[in-house]
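Small disclaimer: the values here were computed from a predicted structure and weren't measured.
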Amino acid sequence: MSRARELIAAAAAGAAAAGAARLAYAALNLRPPGGTKAWSRTNHRGEPVTLLEGPAVAAGAIAGVLAQAGPGSGSARSAAAMAAAAAGAAAFGAYDDLAGSGGRRGFRGHLGALRHGEVTTGTIKLGGIGVTGIASAALGGGSPADVVINAGLVAGGANLLNLFDLRPGRAIKVAVASGALISAGGSGSGHGVGVAAPPVAAALALLPEDLGERAMLGDCGANALGAVLGAAAAGLPRPVRIAVLAGITGLTAASEKVSFTKVIERTPTLRWLDMLGRRPADPVLRTVIPAQRGDPAFKGAGTTLRSAEHTDLTPPEE
């Protein structure tokens with residue numbers, strides 16, 4: 001297939017993915033499985049948001065991937081691998097969203113609980129996404145070494161992108177950047193320049209809901225988006241895939257010790273990108289309180305200013 005035809009096919013698949021994501025989001029909000037309360041969470045501002053963005057993005061990505069699949073065997077295998085990655089990661093992510101308590105976080109937290117005989121929903125999710133990675137890689141085909149590498153990309157991508165879903169739009173921005181790099185280098189194994197177009201388009205279709213702080217990806221959406229991008233990276237040359245997998249592993253290990261949010265807040269360029277399109281931080285409200293006699297600051301004047309809420313605006317850590 002020529003480059004022009006690949007781009008046209010990618011654009012069509014992206015449009016299908018975006019349309020399917022918006023349609024799924026509207027349908028899910030109209031009749032949420034298990035009721036609205038089951039999908040409602042409180043964001044970093046203390047405001048209510050819905051997690052229904054997650055399954056909608058996953059559904060859109062799968063629809064777009066299947067729409068992009070051509071008659072060639074390589075393309076069909078690639079589509080099957082990406083669809084399986086998205087579906088499996090979305091299912092286990094949704095399970096953790098709906099049944100998890102959030103008391104344990106990260107590999108260390110879940111494995112620590114397991115050592116004490118406690119099987120958390122996060123542990124089940126990690127195991128399930130691991131199996132999903134293996135199944136997706138097996139569907140994609142290749143040598144045993146390639147299957148191992150690709151399984152790591154799917155599982156590792158699912159977990160890593162979820163670590164960025166802590167502020168509005170952050171995980172989607174990371175996904176868009178990752179998708180652009182994957183598509184630019186995509187070649188072989190039925191993968192073309194637009195291989196990552198469907199998941200990226202599905203996420204972008206609901207970016208306004210995310211940035212507007214009306215919805216968030218949650219584990220379901222972030223895990224699915226990371227997994228399908230990991231499967232999309234299977235078309236990259238093996239040395240590149242090994243380097244990407246090493247990067248994913250390094251960032252995941254670093255997240256156990258370092259707060260990504262704090263790093264972003266302290267790096268001007270990253271902070272600017274992170275805030276792009278987001279609502280500004282809430283201003284610190286100040287009220288006028290009459291000064292009292294006996295107050296060291298009282299000098300016969302009528303008022304003094306005090307903050308009406310806590311002045312520490314540092315975002316909570318992961």
Any donor-acceptor pair under 3.5 Å from [X] side chain to [Y] backbone:
X: R241; Y: L236; answer: yes
X: W39; Y: D97; answer: no
X: R214; Y: L211; answer: no
X: R41; Y: L51; answer: no
X: N43; Y: V49; answer: no
X: S136; Y: A81; answer: yes
X: Q68; Y: G194; answer: yes
X: S40; Y: T36; answer: no

query = Should T261 and R170 be marked as a side chain to side chain donor-acceptor pair (under 3.5 Å) after you check the CA-CA gap, both sets of side-chain angles, and the distance that decides it?
reply = CA-CA 10 Å; T261 293; R170 183 183 293 174; 2.9 Å; yes

Examine [X] and [Y] and state if one hydrophobic cluster contains both, with Ile, Leu, Val, Met, Phe, Trp and Tyr joined whenever side-chain heavy atoms are less than 4.5 Å apart.
X: I264; Y: M216; result: no
X: I149; Y: V240; result: yes
X: L251; Y: V176; result: yes
X: I8; Y: V65; result: no
X: V174; Y: I129; result: no

Taking all heavy atoms of [X] and all of [Y], pick out the closest pair and write down the distance.
X: A224; Y: A58; value: CB-CB, 3.9 Å
X: A203; Y: I172; value: O-CD1, 3.6 Å
X: A137; Y: V147; value: CB-O, 3.3 Å
X: V228; Y: P199; value: CG1-CB, 3.4 Å
X: A20; Y: G60; value: CB-CA, 3.9 Å
X: A89; Y: A227; value: CB-CB, 3.6 Å

request  = Test side chain to side chain contact (heavy atoms under 4.5 Å, CB included) on L153 and I248 and set out the steps.
outcome  = CA-CA 8 Å; L153 289 173; I248 290 174; 4.2 Å; yes

If I take atom [atom1] from residue [X] and atom [atom2] from residue [Y], how far apart are they, to the nearest 0.5 angstrom?
X: L98; Y: C220; atom1: CG; atom2: SG; value: 8.5 Å
X: N29; Y: L52; atom1: CG; atom2: CG; value: 5.0 Å
X: N150; Y: S143; atom1: CG; atom2: OG; value: 8.5 Å
X: K173; Y: L270; atom1: NZ; atom2: CG; value: 11.0 Å
X: L217; Y: L161; atom1: CG; atom2: CG; value: 7.5 Å
X: N159; Y: S255; atom1: CG; atom2: OG; value: 7.0 Å

So, are [X] and [Y] salt-bridged, with charged N and O less than 4.0 Å apart?
X: K125; Y: D219; answer: yes
X: D146; Y: R238; answer: yes
X: R167; Y: E213; answer: no

request  = Take T252 and T249 through the side chain to side chain donor-acceptor pair (under 3.5 Å) test and state the conclusion after the steps.
outcome  = CA-CA 5 Å; T252 302; T249 303; over 6 Å; no

inquiry  = Does E209 form a side chain to side chain contact (heavy atoms under 4.5 Å, CB included) with L206? I'd like the steps, not just the answer.
reply    = CA-CA 5 Å; E209 300 298 319; L206 292 176; 4.2 Å; yes

Would you say [X] and [Y] make side-chain contact, with heavy atoms under 4.5 Å?
X: M275; Y: P280; result: no
X: Y25; Y: T50; result: yes
X: F92; Y: N223; result: no

query = Picking from V195, L229, L139, what satisfies side chain to side chain contact (heavy atoms under 4.5 Å, CB included) with M82?
reply = V195

key: Candidate pair F260 and L166, rule side chain to side chain contact (heavy atoms under 4.5 Å, CB included), full reasoning   = CA-CA 9 Å; F260 288 172; L166 293 171; over 6 Å; no

key: Test side chain to side chain contact (heavy atoms under 4.5 Å, CB included) applied to T123 and T120, step by step   = CA-CA 5 Å; T123 302; T120 65; 2.8 Å; yes

ask   = Between R279 and E47, is a salt bridge (Lys or Arg N to Asp or Glu O under 4.0 Å) present by the stated rule, with each step listed?
value = CA-CA 13 Å; R279 288 168 51 189; E47 298 175 354; 2.9 Å; yes

key: Side-chain donor-acceptor contact under 3.5 Å, S78 with S75   = no

